[in-house]
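Worksheet: one structure, shown below.
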Amino acid sequence: MDMQTSFLDRLFDSGLLIETGVDGLYGRSGQFEDVIAAFERLIDRFGGADGAEAIRFPPGMNRAFFEKSGYMKSFPQLAGTVHSFCGSELDHMSLLKCMEIGDDSWAKGQEATDIVLTPAACYPLYPTVAKRGPLPAGGVLYDLQSYCFRHEPSKDPARQQLFRMREYVCMGTQENVTDFRQSWMDRGVQLMAEVELPVEIDVANDPFFGRAGKMLANNQRDQNLKFELLIPITSTANPTACMSFNYHQDAFGTKWGLELEDGSVAHTACVGFGLERIALALFHHHGLDVALWPAKVRKALWG
Ligand code: AMP
Ligand code: ZN
């Protein structure tokens with residue numbers, strides 16, 4: 001059995017994660033949630049004084065905004081859309097017949113609703129902020145958290161289909177947002193040191209789709225637009241990205257019409273914490289019983 005499956009089985013056996021029959025879709029125990037809540041309080045201790053505006057969007061976003069975002073150009077393989085039955089009574093009858101005989105095609109008649117599953121916590125933010133008008137001098141900062149969907153079923157417990165991302169997003173001048181990103185790269189290392197997790201930071205790229213996507217990925221790496229904070233969870237050779245630090249240049253500013261007071265296009269950057277991954281890293285390194293975690297780690301999390 002490989003390391004991923006055996007860790008997943010141990011998580012199921014301990015009750016920390018609860019099987020649903022779908023790879024990457026799990027229930028979480030109260031204990032698992034308590035670790036995430038404690039870790040989020042630790043994040044607040046590092047970022048709380050920055051004055052970010054907190055916003056919580058539900059895990060679905062406006063389909064029109066999703067379409068405009070260009071997500072389907074870059075990551076069609078990961079997207080999830082919400083479809084519903086919109087038919088007549090006759091359609092309903094044939095749907096039930098299909099289901100009765102176990103015919104999967106019942107779902108083909110479902111129609112796209114106005115809602116798409118949120119692919120990253122910051123996606124609903126840009127159009128929201130754009131509507132508010134020009135950004136104040138010095139830029140703006142937001143604190144987000146959302147369940148996100150990515151269609152990437154896996155036996156690796158650190159690769160889920162529905163997982164939470166906590167994000168800070170900065171919009172302003174190039175200097176504002178690159179300073180913001182650098183400060184969170186430093187804080188990320190300090191934060192993980194407080195909970196005694198071994199980290200490395202490396203340049204990274206997103207999994208852009210297809211042959212054209214290879215060029216986008218190379219370009220992203222060459223320009224150092226994405227860094228990740230990696231922690232070994234199910235492999236030491238391939239540690240898992242538990243945080244990412246993304247500089248979008250003026251791409252989102254241009255797309256959404258985000259402007260500075262002087263009319264120039266805003267730059268944006270976001271820093272994301274993979275909350276389930278961080279909890280799993282803690283369970284992997286310190287054991288499945290939180291009562292036995294090192295005193296320093298327990299103090300950092302629960303005071
Ligand atoms: P990304 O937008 O891909 O940089 O994702 C932000 C953060 O979310 C990553 O650094 C991970 O910690 C986390 N993440 C991304 N994909 C997954 C997944 N499939 N399962 C769990 N966490 C994820
Ligand atoms: Zn983001």
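One-based numbering, in listed order, for ligands and for the atoms of each. These values consider heavy atoms only, across backbone and side chains, with no hydrogens, waters or symmetry-generated copies.
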Applying ring pair (Phe, Tyr, Trp, His ring centres under 6.0 Å) as the test, list every pair that has at least one member in residues 66-118; sequence neighbours left out. Phe66-Tyr71, Tyr71-Phe75, Tyr71-Tyr123, Phe75-Phe208, Phe85-His92
Can you find a pair of side-chain heavy atoms, one from Leu260 and one from Val265, that are under 4.5 Å apart? no
Less than 4.5 Å apart, side chain to side chain, heavy atoms only: is that true for Pro157 and Leu8? yes
Angle at the Zn ion (ligand 2) (to 10°), with one arm to SG of Cys122 and the other to OE1 of Glu167: 100°
Tyr247 versus Gln174: any side-chain heavy-atom pair under 4.5 Å? yes
Protein N/O near ligand 1 N/O, under 3.5 Å, which pairs?
{"from": "ligand 1", "atom 1": "2 (O)", "to": "Arg150", "atom 2": "NH2", "distance (Å)": "3.0"}
{"from": "ligand 1", "atom 1": "3 (O)", "to": "Arg150", "atom 2": "NH1", "distance (Å)": "2.7"}
{"from": "ligand 1", "atom 1": "4 (O)", "to": "Lys226", "atom 2": "NZ", "distance (Å)": "2.7"}
{"from": "ligand 1", "atom 1": "4 (O)", "to": "Ser244", "atom 2": "OG", "distance (Å)": "2.7"}
{"from": "ligand 1", "atom 1": "12 (O)", "to": "Ala241", "atom 2": "O", "distance (Å)": "2.9"}
{"from": "ligand 1", "atom 1": "12 (O)", "to": "Cys242", "atom 2": "O", "distance (Å)": "3.3"}
{"from": "ligand 1", "atom 1": "12 (O)", "to": "Gly274", "atom 2": "N", "distance (Å)": "3.4"}
{"from": "ligand 1", "atom 1": "19 (N)", "to": "Glu152", "atom 2": "OE2", "distance (Å)": "2.7"}
{"from": "ligand 1", "atom 1": "19 (N)", "to": "Gln160", "atom 2": "N", "distance (Å)": "3.4"}
{"from": "ligand 1", "atom 1": "19 (N)", "to": "Gln160", "atom 2": "O", "distance (Å)": "2.9"}
{"from": "ligand 1", "atom 1": "20 (N)", "to": "Ala158", "atom 2": "O", "distance (Å)": "3.3"}
{"from": "ligand 1", "atom 1": "20 (N)", "to": "Gln160", "atom 2": "N", "distance (Å)": "2.9"}
{"from": "ligand 1", "atom 1": "22 (N)", "to": "Arg277", "atom 2": "NE", "distance (Å)": "3.2"}

Pairs in or reaching into residues 217-246: which pass salt bridge (charged side-chain N to carboxylate O under 4.0 Å, His left out), with residues at least two apart or in two chains? Asp206-Lys226
Could you list the donor-acceptor pairs under 3.5 angstrom formed by side chains in residues 231-244, with sequence neighbours left out?
{"from": "Ser235", "atom 1": "OG", "to": "Ala237", "atom 2": "N", "distance (Å)": "3.2"}
{"from": "Ser235", "atom 1": "OG", "to": "Asn238", "atom 2": "N", "distance (Å)": "2.8"}
{"from": "Ser244", "atom 1": "OG", "to": "Asn246", "atom 2": "ND2", "distance (Å)": "3.3"}

